[in-house]
Structure formats: C-alpha cells, structure tokens
Amino acid sequence: MQKPSVPRGTRDFGPEQMSKRLFLLETIRQTFRRYGFQPIETPALENLSVLMGKYGEEGDQLLFKILNSGDFANGLTQADWQENARKLTLKISEKGLRYDLTVPFARYVVMNRHALAMPFKRYQIQPVWRADRPQKGRYREFVQCDADVVGTDSLLCEAEIVLMLHESLRNLGIQDFTVKINNRKILTGISEVVGAEGQEGPLAVAIDKLDKIGKEKVVEELKQRGFSDESIEKLEPMFQFSNETQAAFAQLKTWLAGSEVGLKGVAELEEVWSLVGQYGLADARIQLDVTLARGLSYYTGAIFEVKANGVQIGSISGGGRYDNLTGAFGMPGLSGVGISLGVDRIYDVMEELKLFPETGLQSTQVLVVHLDAEGRSVGLPLLSQLRAHNISAEAYPDAAKVKKQLDYANAKRIPYVVLIGSEEIQTGQLTLKNMVTGEQQKLAADQIVEKLRQEAALL
RNA sequence: GAGGAUGUAGCUCAGUUGGUUAGAGCGCCAGAUUGUGGUUCUGGAGGUCGCGGGUUCGAGACCCGUCUUUCUCCCCA
C-alpha cells in the first residue's frame, strides 16, 4: 500500500481553510462587481499555441504541458526523439494548463470581439498553474483574481484599479500595504537618455533589484550586461530620487527632457495621481517606484505591484497596461489595463498577521439531539422548520449517547443544541442549550425557531 | 534550472560517541456519569522513524539516491 500524496506545490483545503478562502474570494469579488466588472471563466486547458511565447523565454519553461491523448508517440521517428526537448514537446503536446488569466482573456476577447460591448470590463477568479520551484508563498497551483478593462486607453481605468486595490485590501483588514506604481514608458525614456536605446529590458531587470542589493551591485550587474561606463554614469539621477512624489516627478521631467516617450510616461503617472485625488481616496497608499519593472514583456504603460508590509511574502498583486496583447491573436491596437490579486499569498499574509475574523468558522447554528426514535420523530420536523427559516441545522445521524452528540456539537463549534427526550415529548417543551454559556431553557418548537432566527439576524 | 537545510504518533517535539522492547505533552477512543459537552480522574489505541538502497555483529542516528517542506539565486501572485 502506498502513502497518498498531492503533487509538489499543490494543497488540499479543509473546511476551516475554505471558510477563510471563501471570505477572501467573496470580498474581492464584491469589489470587482461594485466597479462594474462582469465575470467570465475560461478553460483550465489552453492550446499551447495560445500560451507559448506570451511570457518570455522563461515563461515557456514554466508552462505545464499535457501529453497528447492516446498514443502520443505515434508517428514519431527516432530522429524526433534525438531533437531538443522544446521541439519534441511540440510534437507530443498540444495543450497546456493556463499560466495566468490575462492571456486566456485576450484570446477570449479576440474570439468574441463582435459580441462585446467596448470598453469591456471583466473579472475572472480561477486557478492557474506554474511549473515553478515551490517555496513559501509560491505554489504550483494558485488562484488569481483578475480585473481587466479593454478597449480604452483612459487613465481613469488606472485610477480605478488603484481604488479597487485599496478597497479590497481594506475590506479584508489589510491596512499596511503599498501600491507601487511605475510606467514602462519611463523605463524606456531612461534607456534613451542614458544612451542605451532598446535595452530597457536588461536595464529594468537590474534596476528592479536596487532596494534589494544596493546601488553598487546594480552597477556591477549593468556592467556585466554590457552597459557602457558612460551610460552608467548618466544613470546617476536614478539613485537620487526624492521620497516626495511631486518632487520626484519634477526630477524625472528634468532628467527625461530629451525623451518624448519618457515625458509621456511621467505625464500619464501624474494624471493617475491627479485622478486618484479627484476620486477622494483617503490615505492613499500609492508610491511612485521608478525601480519597479516586472518581468512580463507585454506591459507598455502603467505597472502596478502591491506589497503587504510587515511580512516576508512576495507581492500580493501585480498588473499594468498592455497596448497590444490581442495583437498576437490578430487583433492589434486594443489597449487594456488590469490587475491580478493572488488569493493564496493574501491568505498567507492574513494568516501571518492574524487578520481573519473569528466568526465565519461555525458552519451549523443548531444541532438537534434526539435520545431515541420517538425523539427523532419530533426532531425531524423541527429540522425542516429551522431550515425553512434559513437557519443551518443538523441532527446527529446515529442513535448515540448525549455525551457523544454534545461532543460532536463542540467539535463543529455549533453554538446551540436542542435536546429531545421522553420528558420533552410529554410536555412539548424542548430543551434549548447554549453551548457557549451552558444555559438551558425549555421552549416550544416555534419559540426555538423564533429565538434562533433573531440570533441569526444579529450576525 | 543551480546550491543549502529539513523529515520521528493525528499535532508540537525529545531520542546521549551507532547498542535490548523508540518516548513526552496535546489530541483521539472508552469508562467514572445507561438524559448533558467544554473541567477532573482512570484506562486504552495509535509509529514500515518520509521512501529505497548501502556501511555495520547491530542504524531513528553514518553514507548514497529519491520524494516532501523550506532558504538563497532566478522569476513571480
């Protein structure tokens, strides 16, 4: 006999975890709804042709690929097996598990372009899979909550994303977080003014680590990546930004004066800041972070990342604007912007900060305890009556001692039990017991329903 | 994908330079109490020491492989 196990990086969720996860999911979902986003779902499986090449070279490696059904080796020659893994993969696998929700969404938009009212705002809450190496806060199967708007390049969308992030996290009880914002155009501008056009990719990757490894190591890495001493010298202003946002904007405008793209990026960000102010967002936790790059190659405008402060868990949300995501599927020129929240990481953050509310753990409101068949015949209609009033109620299915039944109520944290024995049947007065205080009172069935109904209304 | 750490009862962990039958607390089950739980007392069940090889008279301990979890790099939610 073998010990059962789940695949590396995947997990089961028990009832206690699920009640927390559902609370989390529901809170985020309601925020998305409130901002006018509509739900969609897409298959867990996508054709590899949809997924490949959308996440950079490394992304392709992180895709879970599915072996073709049937005799996948049919028609393969010896030469095929000798070929490199990438080419062989394409011959034996044509489907993969989705890596994120954005690319499937882009596919969906292209396939349904004639039916969608533009701008189209959708939210999508589904698991994604990455063949990554698992660590704390990093799983191979995890749930993302995405909200995207396509069909408009209005910066109002960026501002609303900022608002939704604040609203979601605050409704969950996460107060100490930072929404870092940058703009890809600024990174492009920087690469221009330092004389390294087209090199913003490697530049961004190095600069992204600034807060982690410090200026000297970043300079070192840039040298290794082939940046000239002159470029690195011109990069100096990068390390001297003001903590004050408006001052930093001014610095950026001076520095990027020679780059049209760069200045546009600054102007876009200023507009976002201004709009967030107009919405009246109180105590905005937004921070201009010029070092924020993010790996995904398809971002073209704003870039978002959210970090929960005080915990050692990676970013809990990320997103940005992409001008041409649907271009790969034959529909160019459609601009979109979106955000993705990582449920599993937010869960870990909340668990670590002990932010889950105590309530919500209890599943059943009342347990009907019967002592014999006669008691059960009184208990069953009571159960129906309770449930008809939307009170979650259950009976212990087996004929068991009172002790055992009360133990069961305790184990499930059921706050009330109704005891029905010969005495209760004779008088018609059932015993309602409060399991928290231990108090008992004799009440008629109707009175019990009424009392528990009021009790439930208070929750 | 590269390197390091980890794994003993359901849970948290002891286990001496390798030495007889691997322990504790909590939890679980039963009884004290055949209609009253969460307190107390008594008793009980539960371990292929992650898995597979090897060294040894003898391995939970040492060596190799493998899997899990975890840390750093990379990347990300």
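To find a chain, count down the sequence lines: A is the first, B the second, and so on, and within it residues start at 1.
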Using whole Å, report how far CZ of Arg8(A) lies from C1' of U66(B). 12 Å

Nucleotide opposite C74(B) in a Watson-Crick or G-U pair, distances under 3.5 Å: none

Phe304(A) CZ to C76(B) P: how many Å, rounded? 17 Å

Give one of base, sugar-phosphate or nothing for Lys307(A), where a contact means two heavy atoms less than 4.0 Å apart. nothing

Under-4.0 Å salt bridge between Asp100(A) and Arg98(A): no

Rounded to whole Å, NZ of Lys404(A) lies from C1' of C28(B) at a distance of 11 Å

As a test of reading the structure: which of A77(B), C75(B), U68(B) is closest to the side chain of Glu58(A), going by heavy atoms? C75(B)

Which residues satisfy the ring pair (Phe, Tyr, Trp, His ring centres under 6.0 Å) test with Phe37(A), sequence neighbours excluded? none

Going 5' to 3' through nucleotides 31-38 of chain B, assign each nucleotide B (protein heavy atom under 4.0 Å from a base atom), S (under 4.0 Å only from sugar-phosphate atoms) or - (no protein heavy atom that close). S---BBBB

Expressed as a whole number of Å, how far does the C1' atom of U56(B) sit from that of G46(B)? 32 Å

Over how many whole Å does the gap from Arg140(A) atom CZ to C76(B) atom C1' extend? 14 Å

What distance, rounded to whole Å, do you find between the two C1' atoms, one in A9(B) and one in G23(B)? 10 Å

Whether Phe356(A) and Phe23(A) hold their rings parallel, tilted or perpendicular, with breakpoints at 30° and 60°: perpendicular

Pair Arg29(A)-Tyr123(A), side-chain donor/acceptor within less than 3.5 Å: yes

Partners meeting side-chain contact (heavy atoms from CB on, under 4.5 Å) with Glu58(A) (sequence neighbours left out): none

Please work out which residues in residues 309-318 of chain A have a non-hydrogen atom less than 4.0 Å from an atom of RNA chain B and list them by number. Ser315(A), Ile316(A), Ser317(A), Gly318(A)

Can you tell me the distance, in whole Å, between the CG atom of Leu63(A) and the P atom of C75(B)? 17 Å

pair_partner(C62(B)), Watson-Crick or wobble, both distances < 3.5 Å, evaluates to G54(B)

Please give, in whole Å, the distance from A77(B) C1' to Glu351(A) CD? 18 Å

What integer distance in Å separates Arg130(A):CZ from C74(B):P? 17 Å

Which residue lies toward the 5' end of RNA chain B, Thr10(A) or Glu305(A), if each is placed at its nearest nucleotide? Thr10(A)

Rounded to the Å, how far apart are Glu221(A) CD and C73(B) P? 12 Å

Between Ser231(A) and Ser228(A), a side-chain donor and acceptor under 3.5 Å: yes

Taking atom C1' in both G18(B) and G60(B), what distance in whole Å separates the two? 10 Å

Using a heavy-atom cut-off of 4.0 Å across all strands, would you classify Gly9(A) as base, sugar-phosphate, or nothing? sugar-phosphate

C75(B) and G10(B), which share atom name C1', separated by this distance in whole Å: 37 Å

When the P atoms of C67(B) and C74(B) are compared, how many Å lie between them, rounded to an integer? 25 Å

Looking only at non-hydrogen atoms, find the nearest pair between Thr152(A) and Ser154(A) and report the distance. OG1-N, 2.9 Å

Give one of base, sugar-phosphate or nothing for Tyr408(A), where a contact means two heavy atoms less than 4.0 Å apart. nothing

For this output row, return yes or no: ring centroids of Tyr396(A) and His370(A) closer than 6.0 angstrom. no

Note: Arg138(A)-Asp132(A) ion pair, threshold 4.0 Å (strictly below): yes

Summary of protein contacts for nucleotides 1-10 of chain B, nucleotide by nucleotide, where a base hit scores B, a sugar-phosphate-only hit scores S (4.0 Å, heavy atoms): BBB-------

So that I can tick it off, tell me whether Asp176(A) and Arg285(A) are bridged by a salt bridge, with the cut-off set at under 4.0 angstrom between side-chain N and carboxylate O. yes

Separation between the P atoms of A5(B) and U42(B), rounded to whole Å: 45 Å

Using a strict threshold of under 4.0 Å (side-chain N to carboxylate O), is an ion pair present between Glu221(A) and Arg225(A)? yes

Would you say the side chains of Glu46(A) and Tyr99(A) form a donor-acceptor pair under 3.5 Å? no

Inter-nucleotide P distance (U48(B), U8(B)), Å rounded: 13 Å

Report which part of the nucleic acid Val205(A) touches: base, sugar-phosphate, or nothing (heavy-atom distance under 4.0 Å, all strands). sugar-phosphate

Would you measure the distance from the P atom in G15(B) across to the matching atom in G50(B) and give it in whole Å? 15 Å

Asp407(A): what forms a side-chain contact (heavy atoms from CB on, under 4.5 Å) with it, not counting sequence neighbours? Lys403(A)

